[in-house]
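Scroll down for the structure; my scribbles are underneath it.
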Amino acid sequence: VARPVARWAYVNARLVDPGAGRLDGGLLIEGDRIVATGPDVDARSVGEGTTTVDLGGRTVLPGLIDCHAHLTWSADATPVATIIAETGTPALDRRAEENARRALERGVTTVRDLGGPNEIFGLRDRIARGDVVGPTIVASGAVITSPGGHCHFVGREVSTPEEIAEAVGMQIAAGADVIKIMATGGFHTAGTDPRQMQFSADDLRVAAEIAHAADVPITAHATTDRAIRAAAEAGFDSIQHGAGIRRSTSMLLARLGTALVPTLGTRPAFLRHADDPRIPPEMHTKTGRLREDRFATTGAAFSEGVTILVGTDSGTTFVEHGSVPDEMAHLERAGLDPVSILRAATSAAAHELRADGRIGTLAPGAFADLLIVDGDPLADLAALAAIHAVVRAGVLVAGPAVRLPSSAS
Ligand SMILES: [Zn+2]
């Protein structure tokens, strides 16, 4: 198992810290942390005995954060059938581990997993211990849904406020970092309707109260304006998807500081493979009913001051794990500027995960979670795809092998 070496430095780099700014210089790393950043960090200043790696002007960014993924899901034509078949088998763990590794190699050093079997907590903990190489995982585990409701096959199915309170409590006891509740139906679950609420405003309030009493954040899958509004008014920390959002509700989210994770990439991914005969027919029916331009509503919400975050919904139909740069391109198409998009995948996402200063930044004290690319993503976000190296918690996990002082392995 790779362990961080004691002390080393990247020098001669372009440093892009989206929450702070841009400067040239280097990064000094000790163990799993960044200890110094900026123009004063060079081969001379770090002192003899510290290995330095010259990046030749390449760009260093904080590792990317995906605020909405499903690592246990297969990202093929039939992810629901696959997860139902694999739940409770070793194949599930294997798949999640491979998907996590894939995301990490694409520069995603933190993944928030928003729905799957509670086995995800085991992978989260194995990665945290260093037994498995992968991104930091923040996970909801099983979702809270209605009987037969959206994602019931990976959910706790409840109807009354008492059952909701109990289910939220059980997820927290099982180790959930965040509670996910399906406020509306969804595309992936047969017999559910994305245009219908599954829970009342009072139900959502109960869920938020129980989660927040335990200091655990809560987020809602919400695809109608009414559901988004109800979740925001109930004190939810963020909204997933947010289809149907109207201007007055965007203003409410902006005022309350409720973040929106629009997951814009799901529909383009589906449409790219729409002629795949394996796709369940109901998915076509539901997609055919869509009239809303979600790129326009997301851009409008951003203009109203809503915090927009990057989430891929990876694992769902044809949405690849680690496709954070794709989602960032979609946000650009929606009208966000490059700095806001980079923040949406770093500093702003870290805030949503209650990890300010620890991830999503190059500031001293943060984990040495780094994405190093050849070009300049501030000039062109497509530069994020030309990866030179990925470092997680001080360990080089992708990219050219650098000669570092030997570490226990
Ligand atoms: Zn999802």
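Start at 1 and go down the list; that is how both ligands and their atoms are numbered. The figures that follow rest on heavy atoms only: side chains count, while hydrogens, waters and symmetry mates do not. This is a predicted model, so every value here is computed, not measured.
- Contact annotation: the side chain of P62 approaches that of D17 to within less than 4.5 Å [non-hydrogen atoms, C-beta and beyond].
- With sequence neighbours left out, D337 forms a side-chain hydrogen bond (donor to acceptor under 3.5 Å, both in side chains) with S340.
- Distances from the Zn ion (ligand 1) under 2.8 Å pick out these protein N/O/S atoms: H68 NE2, H70 NE2, D313 OD1.
- T72 pairs in a side-chain contact (heavy atoms from CB on, under 4.5 Å) with only one of the listed residues (N99, I83, L123), which is I83.
- Residues E352 and I65 have side chains not in contact (no heavy-atom distance under 4.5 Å, counting atoms from C-beta outward).
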Worked verdict on R101 versus E105 for salt bridge (Lys or Arg N to Asp or Glu O under 4.0 Å): CA-CA 6 Å; R101 174 91 203 197; E105 284 168 353; 3.0 Å; yes
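- The existence of a salt bridge linking R14 and D24 is excluded, since no basic side-chain nitrogen approaches an acidic carboxylate oxygen closer than 4.0 Å.
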